[in-house]
Amino acid sequence: MPGPIDLHTHSSVSDGTESPTELIHAAVAAGLGTVAITDHDSTSGWHEAFEAAAGTGLTVIPGMELSTNYGPASVHMLAYLFDPLDGGIIAESARIRDGRLHRAERIVNNISVDYALTWDDVLAQSTDGGTVGRPHIADALIARGHVASREEAFGSILNWLGPYYEKYYAPSTLEGVETVVRAGGVAVLAHPATHGRYRVLDERTVSNLVDAGLSGLEIGHRDNTPDGKERLYELARKYDLLVTGSSDYHGLGKPNRLAENTTEPAVLEQIIARATGTTPYYG
Ligand code: AMP
Ligand code: FE
Ligand code: FE
Ligand code: ZN
């Protein structure tokens with residue numbers, strides 16, 4: 001339906017603070033025409049999101065933000081409209097979620113040497129069967145009074161360069177694209193030019209990802225640097241990639257507001273046309 005298009009949001013199925021139902025209500029309240037639910041490494045929120053959107057006029061694009069590794073760097077891949085019953089993507093995302101769970105336990109163990117913090121504290125901040133990440137550890141640290149916000153936790157105890165950090169299993173970025181494409185989905189690199197978190201992918205890498213079926217770049221994102229965006233626009237022109245813009249909304253977990261960046265309707269049409277895995281939910 002007409003209205004702003006926001007293709008990157010999180011619910012409590014991963015590290016957002018609102019249930020899928022609350023997320024859909026927030027999208028309606030924000031006046032969105034289309035929202036994609038893209039929890040980290042999970043499709044568990046899809047069904048609830050569809051049910052919540054029924055009769056609202058909101059279009060829901062089912063998706064996921066797949067974790068991948070590019071050498072030492074963590075690279076996030078937005079996957080849209082893939083078949084949720086595809087064995088490959090089910091197995092891969094389950095393996096990542098399991099790895100994340102054990103990794104979060106290792107981080108908590110490391111932290112507990114210096115701060116009062118238990119694994120139960122973290123479980124209390126996450127949903128059953130959901131994707132566990134550092135944001136849940138941050139919430140546990142807040143509950144214990146060690147930090148005041150997720151932001152402060154990420155800037156200190158949870159920093160990836162700090163002494164408590166641990167990595168988790170993820171497929172390579174190339175394998176990630178292949179997994180999404182094989183499942184009939186459309187792959188878009190999430191925030192590819194964020195400051196400091198990982199280096200901007202070089203042209204040869206992007207070219208290889210395009211050969212594997214990469215469809216687009218999320219250039220409209222608050223964490224992409226101005227210089228990085230310019231380079232990404234050049235790459236998008238050269239390799240004929242779709243350009244998306246999104247909020248990366250996490251409820252109260254981040255300052256990002258719904259529709260602070262949006263995607264052109266023609267781009268959404270292309271995404272829907274390319275996908276063979278499943279269809280949008282027209283609420
Ligand atoms: P993880 O995937 O467990 O390594 O944690 C990374 C997640 O934490 C990302 O998906 C972000 O949404 C979130 N995150 C990263 N930095 C911050 C921050 N400064 N404040 C709140 N959330 C953050
Ligand atoms: Fe997140
Ligand atoms: Fe991300
Ligand atoms: Zn995200």
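Counting starts at 1 for both ligands and their atoms, in listed order.
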(message) Looking only at distances, can you tell me whether any N or O atom of H76, backbone or side chain, sits closer than 3.5 Å to an N or O atom of ligand 1?
(response) no
(message) Between I90 and D86, is the side-chain contact (heavy atoms from CB on, under 4.5 Å) condition met? List the steps.
(response) CA-CA 6 Å; I90 287 177; D86 175 83; 5.8 Å; no
(message) For the Zn ion (ligand 4), give me the closest N/O/S atom belonging to D248, just the atom name.
(response) OD1
(request) Look at the side chain of N261 and the backbone N and O of G245, then say whether any donor-acceptor pair between them is shorter than 3.5 Å. (result) no
(request) Could you list which atoms of ligand 1 come closer than 4.0 Å to a heavy atom of H250? (result) 12 (O)
(request) Measure from the Zn ion (ligand 4) to every N/O/S atom of E65 and report the name of the nearest one. (result) OE1
(request) Go through the steps for T194 and D223 under the test side chain to side chain donor-acceptor pair (under 3.5 Å), then give the verdict. (result) CA-CA 5 Å; T194 56; D223 292 346; over 6 Å; no
(request) Can you spot which of T38, D248, N256 makes a side-chain hydrogen bond (donor to acceptor under 3.5 Å, both in side chains) with H10? (result) D248
(message) Counting backbone and side-chain atoms alike, is an N, O or S atom of H10 positioned under 2.8 Å from the Zn ion (ligand 4)?
(response) yes
(request) Check the pair T118 / D121 against side chain to side chain donor-acceptor pair (under 3.5 Å), numbers first and verdict last. (result) CA-CA 5 Å; T118 66; D121 294 341; 3.2 Å; yes
(request) May I ask you to check whether over 12 heavy atoms, not counting those of K238, lie within 6.0 Å of atom NZ? (result) no
(request) Output yes if H40 passes the N/O/S-under-2.8 Å test against the Fe ion (ligand 2); output no otherwise. (result) yes
(request) Please work out whether the ring planes of H221 and H8 are parallel, tilted or perpendicular, with thresholds of 30° and 60°. (result) tilted
(request) Using 2.8 Å as a strict upper limit, say whether an N, O or S atom of H8 approaches the Zn ion (ligand 4) that closely. (result) yes
(request) Between K254 and ligand 1, find which residue part has any heavy-atom pair under 4.0 Å and reply side chain, backbone, both or neither. (result) side chain
(message) Applying a heavy-atom cut-off of 4.0 Å, say which part of R100 lies close to ligand 1: side chain, backbone, both or neither.
(response) side chain
(request) Kindly determine whether I5 and V267 satisfy side-chain contact (heavy atoms from CB on, under 4.5 Å), including the steps that lead there. (result) CA-CA 10 Å; I5 298 163; V267 171; over 6 Å; no
(request) Tell me which part of V132 gets within contact of ligand 1: side chain, backbone, both or neither, using heavy atoms under 4.0 Å. (result) neither
(message) Geometry only, no angles: is Y165 polar-contacting ligand 1 at N/O separations under 3.5 Å?
(response) no
(request) Counting heavy atoms only, name the option from H40, K167, R103 that's nearest to atom 1 (P) of ligand 1. (result) R103
(request) Number the atoms of ligand 1 from 1 as they appear, then name those within less than 4.0 Å of a heavy atom of G133, with their elements. (result) 3 (O)
(request) State, to 0.1 Å, how close L158 and R134 come at their nearest heavy-atom pair, and which atoms those are. (result) O-NH1, 2.9 Å
(request) Measure from the Fe ion (ligand 2) to each N, O or S atom of D15 and report whether any distance is below 2.8 Å. (result) yes
(request) Calculate, to the nearest 0.5 Å, the distance between atoms CD1 and OH belonging to I37 and Y281 respectively. (result) 13.5 Å
(message) Under 4.0 Å from a heavy atom of R150: which atoms of ligand 1 are those, numbered in the order shown and with their elements?
(response) 21 (C)
